[in-house]
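The next block holds one structure in the form of structure tokens; read it before the comments.
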Amino acid sequence: AQTVTQSQPEMSVQEAETVTLSCTYDTSENNYYLFWYKQPPSRQMILVIRQEAYKQQNATENRFSVNFQKAAKSFSLKISDSQLGDTAMYFCAFMKTQGGSEKLVFGKGTKLTVNP
Amino acid sequence: IAGITQAPTSQILAAGRRMTLRCTQDMRHNAMYWYRQDLGLGLRLIHYSNTAGTTGKGEVPDGYSVSRANTDDFPLTLASAVPSQTSVYFCASRPDRNSDTQYFGPGTRLTVL
């Protein structure tokens, strides 16, 4: 079964600094998708960035970028120029196909605090 | 309505009671999902539906049932609630098999006493 591991339960960073959140996953599949979701105190789940496994180029969305290492099964999220609004839980997720439905498997999350 | 709505926002329920959590989307998405979020465990899939009229079991289906009578609605029912079902419940949807992104509702916080 696929698993997603986020080894950092909590992290903190100073405003305007850069922080990297770690994620590793385990799968025997060759084609899949990886995601980072943000969950601020409002509880809403917000998609931050996505990566297709067959693409070697790392995805980038403004201040958010990933370091995707397929062979190492690693998918870290880098947040540049951290802002107070980045304070949230961050979940790494893997999407597999099972029984015809694409299902998300989530890590346990990393709580990120951005300090002023 | 825009996106996915869930009702109620929160609920306190006595053990043994029946409860239905509602989920409605207006995006005409084919696939819908129910997750529960527990502290330290992330989100886990309860049930899913690929399209209206079909449902399937996820990782933690016991104690829950779902139905998908139409495209827009995907209710989750707890037939006889137990305290271990205290959680935050998220409904999500995905347009079709050509789309990899799931969109989430605002969640329902359920407390079973």
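Proteins get letters first, then strands, A, B, ... in listed order; numbering begins at 1 in each. Heavy atoms only: backbone and side chains are in, while hydrogens, waters and symmetry mates are out.
Remark: the S87(B) side chain and the D38(B) side chain contain an N/O donor-acceptor pair separated by less than 3.5 Å. Side-chain contact of Y89(B) with Y64(B): a donor-acceptor pair under 3.5 Å is present, judged by distance alone. Judged purely by distance below 3.5 Å, without hydrogens or angles, the side chains of T77(B) and T20(B) pair a donor atom with an acceptor atom.
Cation-pi geometry between K103(A) and Y48(B) is met: under 6.0 angstrom from the ring centre, within 45 degrees of the axis.
Between S49(B) and R68(B) the shortest heavy-atom distance is OG-NH1, 2.8 Å. A pairwise comparison of heavy atoms in Q2(A) and F94(A) identifies CG-CE2, 3.2 Å as the closest pair.
For L45(B), the part lying under 4.5 angstrom from a heavy atom of chain A is the side chain only. The parts of T101(B) that come within reach of chain A are both its backbone and its side chain, each placing non-hydrogen atoms under 4.5 angstrom from that chain. Contacts between Q37(B) and chain A at a heavy-atom distance below 4.5 Å involve the side chain alone, from C-beta outward.
Of residues 103-113 of chain B, those residues lying under 4.5 Å from chain A by any heavy-atom pair are F104(B), G105(B), P106(B), G107(B), T108(B), R109(B). Listed in order of number, the residues of residues 60-76 of chain A that approach chain B to under 4.5 Å between heavy atoms amount to none. Residues of residues 104-114 of chain A lying under 4.5 angstrom from chain B, judged on non-hydrogen atoms, are L104(A), F106(A), G107(A), K108(A) by number. Contacts between residues 39-58 of chain A and chain B, defined by a heavy-atom separation under 4.5 Å, are made by Q39(A), R43(A), Q44(A), M45(A), L47(A), R50(A).
A salt bridge is absent between K57(B) and D62(B); no separation between the charged side-chain nitrogens and carboxylate oxygens falls under 4.0 Å.
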